[in-house]
Amino acid sequence: MKEWIANGLQDWDISRDGPYFGFKIPGEDDKYYYVWLDAPIGYFASFVNYARKHDLDIDSFLRSRDANLIHFIGKDITYFHFLFWPAMLMAAGFTQPTKLAVHGFLTINGQKMSKSRGTFLNAGDYIKHLPPECLRYYYAANLANRIGDIDLNPQDFMERVNNELVSNIANFAYRTLKFANQHFDGQLDKSSKFGSEDASRAGIIKEAKEKFSELNLREAVQAILALSDLGNRTFQKHEPWKLVRTDRQKALDVVSWSAGIVKDLAILLSPILPDYSEQLRQQLNLKKLDISELGKPLTGPISKARIVLTPIEQQVLDRLLPCAGKFPLDIRVGRIIKAVHHPAADKLFVLQVDMGEPRQIVTGLRDFYKAEELEGKHALFLANLKPVKLRGRESNGMILTAEVNRKFRVLEVPAAKPGTNVMPKDVEIGREQIDIKEFSRLGVTVKGGKLVLGDAILTLGGAPVAVDAPEGSKVS
RNA sequence: AGCGGGGUAGGGCAGCCAGGAGUGCCCGGUGGGCUCAUAACCCACAGGUCAGUGGUUCAAAUCCACUCCCCGCUACCA
């Protein structure tokens with residue numbers, strides 16, 4: 001960012017040539033508006049929609065110098081929001097952003113989401129399996145107020161949601177409210193006070209409010225957890241389930257105080273978990289959750305306690321990323337039936353290959369093989385590569401080669417039956433198409449005369465594939 | 001190659017900008033407690049050459065230099 005400014009700002013091209021998505025430029029043939037010219041205008045639309053619903057004065061936000069306007073964006077679109085969009089707003093006389101809250105990407109198991117690795121998850125699929133609250137909680141628990149990627153590790157996701165959100169927070173709310181229902185018919189005593197615990201409570205609430213203001217959700221979640229910890233600890237320490245038989249008033253004090261904490265939790269969680277928060281509001285029998293009520297006792301009778309959030313089950317988690325763990329490459333034996341020179345290229349062959357099914361594959365091996373040499377060979381092919389046209393001829397896959405003495409040699413498997421898969425033992429093959437970039441990123445290599453991907457040795461009919469290529473050769 | 005993020009307990013992370021005893025969170029491990037609650041809750045314990053090397057300093061996870069390793073982005077896109 002500093003660098004562009006230091007280098008001097010230049011004009012901004014706001015048109016793009018087709019093929020492109022977005023809006024066509026009127027009067028031009030194949031030109032489109034650059035998407036970041038018009039996309040932020042959607043911010044106005046959603047804000048105006050929100051403002052009308054909540055009876056807000058639109059101009060006092062969009063036309064005022066005093067308004068505090070924050071953009072929450074991903075790190076890849078920083079410059080549009082840092083330079084272009086404010087420039088457009090400035091020119092049009094609208095409020096400019098006071099702050100950009102920039103977040104990193106969501107990675108899965110430490111790596112970019114990828115269809116071929118089965119780690120691609122979209123919101124529509126997620127929602128079929130789990131409530132939004134779980135993911136919202138996980139994001140908030142990991143979002144700091146600085147740029148950094150968030151990793152979605154499915155196991156960690158499940159553990160944190162189950163242990164922190166469900167067992168610690170939600171279970172505390174339920175145990176408290178249910179106890180109040182059962183033993184006191186939901187009637188609380190608003191005068192309950194606990195000296196040192198009240199001090200801790202006030203400290204935690206202050207901390208949580210500060211962290212929210214700093215947009216540090218991770219730390220805000222830490223504070224919220226500390227509050228439910230305090231609740232659980234206090235409840236445990238006073239053992240109201242025993243007191244209820246010996247000192248009813250004291251038991252009522254403990255439960256009433258704890259219910260006050262539940263109310264605090266409902267308020268503090270409302271930006272992160274609106275649905276859950278709303279459920280708690282109903283159970284607490286409150287008209288609304290107001291930030292000014294934080295730290296104050298809970299008044300009035302409460303409604304019936306209900307379980308709202310339940311733990312994520314392993315099976316559900318497994319269904320969330322059904323392709324994860326599958327082997328991403330569909331490598332097969334193919335017999336080259338015919339090899340002809342590509343009519344429009346010097347280096348390309350067009351191959352007709354029997355890979356259990358007939359396929360046409362275009363490959364650049366003319367520097368290394370003659371057509372007759374290739375014909376009849378049994379070799380390894382990548383079958384789930386995205387089809388591409390090379391100089392006008394469709395290629396449905398790729399022949400695999402390794403470099404031997406500065407020459408690219410195909411990986412021959414003379415005795416193998418066409419169509420047989422090559423893969424690690426005991427895995428399932430993912431048939432999602434991948435592009436060549438992803439293939440080279442995965443990095444199939446030669447180790448000890450065998451083909452490996454990571455730690456996995458690739459096998460053909462149960463035995464490792466023997467290849468004649470130097471140690472460490474990259475397969476491409 | 002350039003640019004950016006990272007390497008801290010068995011796993012996942014904060015702490016670093018503004019140096020002050022390895023402080024903290026979650027999981028996992030071990031031992032105990034409780035039985036109100038969603039097999040939950042509470043208490044205690046174990047576990048670390050803060051990637052490496054060198055420097056600055058009374059003092060370095062934190063600042064500086066170099067090295068190694070991981071991840072991401074990047075061209076008709078400032």
Side-chain angles (χ1 to χ4, degrees), chain A residues 1-20 31 34-37 74-80 82-84 102-114 137-138 141-184 211 216-226 228-245 251 254-255 258 262 305-313 437 441:
Chain A
M1 211 87 60
K2 282 179 192 159
E3 216 169 300
W4 306 326
I5 293 171
N7 291 341
L9 297 179
Q10 293 162 29
D11 288 342
W12 182 34
D13 295 329
I14 59 165
S15 67
R16 290 290 180 277
D17 292 337
Y20 195 71
K31 301 270 186 200
Y34 181 42
V35 67
W36 284 109
L37 177 73
K75 65 183 182 185
D76 52 332
I77 53 174
T78 313
Y79 45 74
F80 313 116
F82 187 80
L83 284 178
F84 307 149
V102 183
H103 294 152
F105 294 148
L106 181 68
T107 61
I108 302 227
N109 289 323
Q111 297 194 320
K112 192 177 119 150
M113 279 199 201
S114 143
Y137 177 81
Y138 191 73
N142 284 289
L143 265 184
N145 56 353
R146 61 199 186 85
I147 305 173
D149 294 342
I150 290 183
D151 187 39
L152 176 62
N153 172 307
Q155 210 60 38
D156 183 54
F157 166 63
M158 181 179 84
E159 281 169 359
R160 287 196 75 162
V161 168
N162 289 355
N163 288 300
E164 299 175 16
L165 178 58
V166 179
S167 299
N168 201 309
I169 298 173
N171 177 56
F172 169 67
Y174 182 68
R175 80 193 282 210
T176 300
L177 302 189
K178 177 135 189 243
F179 198 91
N181 285 154
Q182 248 169 12
H183 296 279
F184 301 101
K211 295 304 178 185
N216 192 336
L217 294 192
R218 185 216 302 270
E219 304 259 324
V221 166
Q222 283 308 322
I224 289 166
L225 264 181
S228 87
D229 257 349
L230 177 68
N232 271 319
R233 213 179 319 132
T234 308
F235 202 89
Q236 191 75 30
K237 182 173 137 195
H238 294 285
E239 302 184 310
W241 56 91
K242 286 182 184 164
L243 284 176
V244 82
R245 292 191 296 264
V254 175
V255 174
S258 300
V262 174
R306 287 190 325 276
I307 289 178
V308 181
L309 298 170
T310 52
I312 300 173
E313 289 167 35
K437 217 173 158 184
R441 192 171 13 222

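We name chains A, B, ... by the order of the sequence lines, and we start the count at 1 in each one.
Taking every heavy atom of both residues into account, A/Arg160 and A/Tyr137 meet most closely at O-CE2, 4.3 Å.
For the C1' atoms, the distance from B/C64 to B/C73 is 28 Å, rounded to whole Å. Nucleotides B/C41 and B/G15, compared at atom C1', are 29 Å apart to the nearest Å. With both ends at atom P, the span from B/C27 to B/C42 equals 9 Å, rounded to whole Å. Between B/U53 and B/A61, the distance separating the two P atoms is 13 Å to the nearest Å. Going from the P atom of B/G55 to that of B/A60 covers 12 Å, rounded to whole Å. Here, B/G2 and B/G19 have their C1' atoms 33 Å apart, quoted to the whole Å. Across the C1' atoms, B/U30 and B/A9 are found 15 Å apart, a figure rounded to whole Å. Of the P atoms belonging to B/G48 and B/C58, the separation is 32 Å, rounded to the nearest Å.
Taking the six-membered ring where the residue is Trp, A/Phe184 and A/Phe179 present tilted rings, their angle falling between 30° and 60°.
Distances shown here put every side-chain N or O of A/Arg233 at or beyond 4.0 Å from the OP1 or OP2 atom of B/C42.
Residue-level contact check: A/Asn232 touches the backbone only, with heavy atoms under 4.0 Å from sugar-phosphate atoms and none from bases. Residue contacts shown for A/Phe235 include a base, since a base heavy atom lies under 4.0 Å away. Among the atoms of the strands shown, none is found under 4.0 Å from any heavy atom of A/Ala305.
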Task: Intra- and inter-strand pairs of RNA chain B in dot-bracket (Watson-Crick or G-U wobble, both distances under 3.5 Å; | for another strand) - done: ((((((((.[[[[[)....(..]]]]].(((((.......))))).....[[[[[..)....]]]]])))))))....
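Residue A/Leu177 contributes atom CG, which lies 17 Å from atom P of B/C41 at whole-angstrom precision.
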Open item on the list: Return a single string for nucleotides 24-34 of chain B, one symbol per nucleotide in 5' to 3' order, where B is base contact, S is sugar-phosphate-only contact and - is none, cutoff 4.0 angstrom on heavy atoms.
Closed with: -SSS-----BS
